[in-house]
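These numbers were taken from a predicted model, which means no experiment stands behind them.
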Amino acid sequence: MRDAYHEELDSIGDGLVEMARLVGSAIGRATTAILDSDLKLAEAVIEADQKVDDLQHELEARAITLLARQQPVATDLRIVVTSLRMSADLERSGDLAQHVAKLARLRYPERAVPHDLHATILEMGQLAQRLMAKAAEVIITKDVDLALQLEQDDDAMDLLHRTLFQHLMDDRWKHGIETAVDVTLLGRYYERFADHAVSVAKRVVYLVTGEHADDLQSDIQPTTQVEGV
């Protein structure tokens with residue numbers, strides 16, 4: 001009975017890893033769709049988000065069943081409750097990737113991103129994907145140092161986000177209001193996606209230590225940098 005119980009706990013962790021990998025792939029493909037005005041790829045990303053939603057519902061059902069049948073305490077209870085919160089972060093990340101793809105679809109056959117911002121959006125998409133890949137690794141390894149590092153790595157995304165606004169506020173901006181709105185939304189989507197990856201990592205810290213990540217001190221240095229910075 002206990003073996004089956006712990007197998008079910010492990011399966012919840014496996015489901016979280018799968019969700020993280022799916023949404024990481026989604027943000028990468030959505031970035032390609034928005035930059036290349038690839039309607040087919042955008043539609044594929046939008047449709048694939050249903051799988052992420054289904055996984056979240058499945059994980060919720062498993063967690064609730066465990067709570068009802070096993071009435072876990074201490075560490076096991078922390079695992080179940082924290083997993084529910086992580087699944088919500090990951091589901092929202094999938095939604096944000098879908099938003100990027102929907103913007104690509106909305107502007108098709110035109111490109112939502114002007115050429116002079118192409119490199120910045122590409123870098124934001126690649127960084128978002130790397131952050132989520134690291135979040136998946138944290139779920140697997142339960143590596144607290146790596147989890148704490150993720151928040152510092154997220155500083156690179158904040159810097160890219162500020163770079164976008166510098167372009168928007170520049171007197172030489174010549175792409176019009178509609179494009180400015182599109183770029184503003186994109187910047188927000190990528191920033192929030194990165195925030196959810198960080199949130200997942202913080203929840204793993206709590207799962208492992210019973211302490212909140214913000215209360216822990218770390219000398220870990222960021223490993224993810226913005227090119228040219």
Side-chain angles (χ1 to χ4, degrees), residues 11-60 83-109 111-113 117-140 147 150-151 153-154 156-158 160-161 164 182-204 224 226:
S11 75
I12 290 175
D14 292 341
L16 291 171
V17 172
E18 184 177 0
M19 286 184 73
R21 287 173 173 166
L22 285 172
V23 300
S25 173
I27 198 67
R29 294 187 299 140
T31 300
T32 299
I34 196 78
L35 293 177
D36 294 349
S37 191
D38 188 329
L39 180 60
K40 185 176 180 180
L41 183 57
E43 295 283 10
V45 173
I46 293 166
E47 183 178 349
D49 186 57
Q50 184 61 50
K51 184 173 182 180
V52 176
D53 294 343
D54 290 343
L55 267 173
Q56 187 202 18
H57 296 155
E58 181 182 337
L59 289 177
E60 285 181 345
S83 295
L84 283 169
R85 292 173 175 171
M86 284 194 283
S87 74
D89 280 315
L90 293 168
E91 188 276 334
R92 183 57 185 149
S93 299
D95 288 344
L96 291 163
Q98 187 184 59
H99 291 342
V100 174
K102 285 183 175 180
L103 184 56
R105 182 176 66 180
L106 177 66
R107 297 301 175 214
Y108 180 83
R111 298 195 180 196
V113 180
L117 290 180
H118 189 286
T120 302
I121 294 297
L122 175 61
E123 194 168 352
M124 291 183 86
Q126 291 174 339
L127 177 56
Q129 192 168 6
R130 290 196 300 272
L131 288 171
M132 190 56 74
K134 186 175 284 190
E137 184 179 352
V138 167
I139 296 172
I140 295 169
L150 203 69
E151 184 169 16
D153 291 342
D154 180 50
M157 183 66 82
D158 295 335
L160 287 166
H161 195 209
L164 279 184
D182 289 346
V183 170
T184 300
L185 287 173
L186 282 173
R188 182 60 173 164
Y189 296 155
Y190 287 115
E191 183 207 25
R192 289 299 298 143
F193 187 98
D195 287 345
H196 284 296
V198 171
S199 179
V200 167
K202 284 183 173 182
R203 297 191 195 283
V204 173
T224 304
V226 178

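- We find the CD-OG distance between Glu60 and Ser83 to be 11.5 Å, quoted to the nearest 0.5 Å.
- Summarising the geometry, atom CG belonging to Leu84 is positioned 10.5 Å from atom CZ belonging to Arg203; distances are rounded to the nearest 0.5 Å.
- The two residues Ala128 and Met157 have their closest heavy-atom pair at N-CE, 3.7 Å.
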#### Entry: Derivation of the salt bridge (Lys or Arg N to Asp or Glu O under 4.0 Å) call for Arg192 and Asp195
CA-CA 5 Å; Arg192 289 299 298 143; Asp195 287 345; 3.0 Å; yes

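- With respect to Leu164, the side chain to side chain contact (heavy atoms under 4.5 Å, CB included) criterion is satisfied by exactly one of Met124, Glu191, Arg188: Met124.
- Taking CG of Asp154 as the reference point, atom CG of Leu127 lies at 7.5 Å (rounded to 0.5 Å).
- Across all non-hydrogen atoms, the minimal contact from Gln56 to Ala88 is NE2-CA, 3.5 Å.
- In summary, of the residues considered (Lys51, Gln50, His57), a side chain to side chain donor-acceptor pair (under 3.5 Å) with Asp54 occurs for Gln50 alone.
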Name the atoms and distances for all side-chain donor-acceptor pairs under 3.5 Å in residues 17-37, with sequence neighbours left out.
| unit_1 | atom_1 | unit_2 | atom_2 | d |
| --- | --- | --- | --- | --- |
| Thr31 | OG1 | Ile27 | O | 2.7 |
| Thr31 | OG1 | Tyr190 | OH | 2.7 |
| Thr32 | OG1 | Gly28 | O | 3.3 |
| Ser37 | OG | Pro109 | O | 3.2 |
| Ser37 | OG | Glu110 | O | 3.1 |

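- The CZ atom of Phe193 sits 11.0 Å away from the CG atom of Asp95 when rounded to the nearest 0.5 Å.
- Open room surrounds CZ on Arg85; 12 or fewer heavy atoms of other groups in view lie less than 6.0 Å from it.
- Nearest heavy-atom pair across Ile139 and Gly13 is CG2-O, 4.1 Å.
- Here the straight-line distance linking atom CE of Met86 with atom NZ of Lys202 works out to 14.5 Å at 0.5 Å rounding.
- Note that NZ of Lys102 is 13.0 Å distant from CG of Leu185, once rounded to the nearest 0.5 Å.
- Although no hydrogens or angles enter the test, the distance criterion places a donor-acceptor pair under 3.5 Å between the side chain of Gln98 and the main chain of Ile46.
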